[in-house]
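Shown next, in structure tokens, is the structure this report addresses.
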Amino acid sequence: MDIQSRHWVKGRLAGTAIMAGVAGLLGAVAPYAGQHGLGITGSHSRVALAACLLTAAIVGRLAVRLRRSAHVSAQLSQQQSALRQVATLVARSAPPSTVFEAVARETGLLCGADLACLARFEAYGGMRGVATWSRRGRPDPSPVGARSALEGRGAARQVRPTCGPVRIEDVEDTTAAIARKARAPGMRSSVGRPIVVDGEAWGAIVVSKESDGPFPADTESQMAAFADLAAIAVENARTHAELTASRARVVTAADGARRRIERDLHDGVQQRLVSLLLLLQHAQLTVPPDLAELRARLRDVAAGVTGAFDELREVARGIHPAVLAHGGLGPALRALARRSALPVDVEVRLRGRLPERVEVSAYYVVSEALTNAAKHAEASTVTVTVDTDSGVLRVRVQDDGVGGAAFAAGTGLVGLKDRVEALGGRMVLDSPRTAGTTLSAELPLGPSGRTGRDQTAAALRRH
């Protein structure tokens, strides 16, 4: 049978089905119409009535389909909007705690849950809450930071070994800690989804509700996208922490190498130059009075050795200032001010010594700022202020010059900014034209050099 014949057969079958539907409608409606005096007796009237009824039935079914399609479209739009909000936070490298809170909220709303929790699995076998959301008016059943054991057959307990989605229709008979907390407000069913990082279950998202009916069949798939975004946030935080720790180690190693070079110069070449200078001075004293030309040449050699010693000392000071290692940041900055070509007012409000990496970085910040002020700013005075506040060293260098400074490539300010940021600090430059320049730096005084994994864990514990 060719295609045209098939279409003809299908058309005849469709027509037969329609006629059968019309006949059925007429048979059902005619008695009712006769009892009410409608008088459907003519064939045309019956056909018209049947057509109207059939049209109404078709329109009704189309309306149901349209409503269903609109509902599905609204759900899809809501899901996409929620994913965009969370994805925007991830793209902006928002703190993990902010991303987790958004994931819990958006997942709970999208899934129609009464409670949504994010938990991180810990090495000892338990878990720690990192974010929670509940509908308005409900108490927080799982406070952030609270630890609990993975017991019974709760959703989180089953997610960890399987690393897959878990659905529990009735939590009344579970003994897991998260289920006991969920049961208090009357939760009846839960769905859990793992947060997979580096191929392992880092944590889980669990949504629960108090109604007896189960979650929709697509709940697990809806939660998957949010779990992936939470995993990306964890990976981003870990990568950023590892990069920061690596940069801090590089800065610390470079400072250590500078310190060793300065020490080698001081204990080696500088000491030899001092010895040579003393020998020359002694030789000058032993030269007979009639050898004036020899005495003059010895005097010139001694002056040259003295100049070489002074230059070498300046080089060593630029590599790593000895006064900083022995006296601390305050004396080192005052020594910088005395050697500056501009009048410098130094105010240092510190108690005791600071970590070496912080003192060295602050010293170089002030040194570079003073050099730029003398060379480029056309300034008349410079003010240096150093103090500590809330575990942070604050350095501020302000001049009254022409301004216009910037973190442009090829300037020493770029290297200083990298150094400060490598230690977890930040540097701000305010230099409007004709209004002077203010360079501000903040350096954390806490321990550094921890691994990225340790720093990420510490950040999550704080939240």
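Side chains are part of it too, since the values below use all heavy atoms of this structure and drop only hydrogens, waters and symmetry mates.
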In the structure I gave you, are the side-chain heavy atoms of F215 and Q222 within less than 4.5 Å of one another anywhere?
no
Return the minimal non-hydrogen interatomic distance between A233 and V99, and the atom names on each side.
CB-CG1, 3.7 Å
Separation of R351 CZ from T388 OG1 (nearest 0.5 Å):
8.0 Å
Side chain to side chain contact (heavy atoms under 4.5 Å, CB included) between E368 and V397, intermediate numbers included:
CA-CA 10 Å; E368 183 67 23; V397 183; over 6 Å; no
How about L277 and L273: do any of their side-chain heavy atoms sit closer than 4.5 Å?
no
May I have all residue pairs that pass side-chain hydrogen bond (donor to acceptor under 3.5 Å, both in side chains) and include part of residues 298-309, sequence neighbours excluded?
none
Do V206 and V166 have side chains that approach each other closer than 4.5 Å (heavy atoms only, starting at C-beta)?
no
Ignoring hydrogens, what is the shortest heavy-atom contact between R193 and M223? Give both atom names and the distance.
CB-CE, 3.7 Å
We want to know whether R396 and T385 form a side-chain donor-acceptor pair, criterion being a heavy-atom distance below 3.5 angstrom.
no
Rounded to the nearest 0.5 Å, how far apart are CG of L443 and CG of L354?
9.5 Å
Has S340 got a side-chain atom pairing as donor or acceptor with L336's backbone, closer than 3.5 angstrom?
no
So, are E347 and R349 salt-bridged, with charged N and O less than 4.0 Å apart?
yes
Short side-chain donor-acceptor distance under 3.5 Å, T383 and D345
no
For R105, is there an ion pair with E101 - N to carboxylate O distance below 4.0 angstrom?
no
To the nearest 0.5 Å, atom OH of Y364 lies from atom CG of L324 at 8.0 Å
Spatial distance of atom CZ (R334) from atom CG (L329) [nearest 0.5 Å]
9.0 Å
Short side-chain to backbone donor-acceptor contact, E442 and R426, under 3.5 Å:
no
Looking at V348 and G330, what are the two nearest heavy atoms and their distance?
CG1-CA, 4.1 Å
From L276 atom CG to Q271 atom CD, the distance as rounded to the nearest 0.5 Å
11.5 Å
Report yes if some heavy atom in the side chain of W133 is under 4.5 Å from a heavy atom in the side chain of L109; otherwise report no.
yes
For the pair V365 and R419, evaluate side chain to side chain contact (heavy atoms under 4.5 Å, CB included) and give the outcome as yes or no after the intermediate values.
CA-CA 9 Å; V365 167; R419 166 185 277 271; 6.0 Å; no
Within the side chain of D399, is there an N or O that forms a donor-acceptor pair under 3.5 Å with the backbone of A379?
no
Between L445 and V358, is the side chain to side chain contact (heavy atoms under 4.5 Å, CB included) condition met? List the steps.
CA-CA 7 Å; L445 300 177; V358 176; 3.8 Å; yes
Side-chain donor or acceptor of S367 paired with backbone N/O of Y363 under 3.5 Å
no
Can you tell me how far CD1 of I195 sits from CG of D228, rounded to the nearest 0.5 angstrom?
10.0 Å
With a 4.5 Å limit on heavy-atom distance, are the side chains of S361 and L423 in contact?
yes
Other residues, nucleotides and ligands only: do more than 12 of their heavy atoms fall within 6.0 Å of CZ on R353?
yes
Does V366 reach the side chain of V346, with side-chain heavy atoms less than 4.5 Å apart?
no
Student check: side-chain heavy atoms of K417 and L429 closer than 4.5 Å:
no
Applying side chain to side chain contact (heavy atoms under 4.5 Å, CB included) to R120 and V234, what does each step give before you reach the verdict?
CA-CA 11 Å; R120 179 188 181 185; V234 173; over 6 Å; no
For P194 and A227, the nearest pair of non-hydrogen atoms, with its separation, is O-CB, 3.4 Å
Contact summary for E235 and D198, nearest pair of heavy atoms
OE2-N, 4.0 Å
I need the minimum non-hydrogen distance between V130 and A119, along with the two atoms involved.
CG2-N, 4.2 Å
May I ask you to check whether over 12 heavy atoms, not counting those of E378, lie within 6.0 Å of atom CD?
no
Decide yes or no for C163 and E200: does some side-chain heavy atom of the first lie under 4.5 Å from some side-chain heavy atom of the second?
no
Do T132 side-chain atoms and C117 backbone N/O form a donor-acceptor pair below 3.5 Å?
no
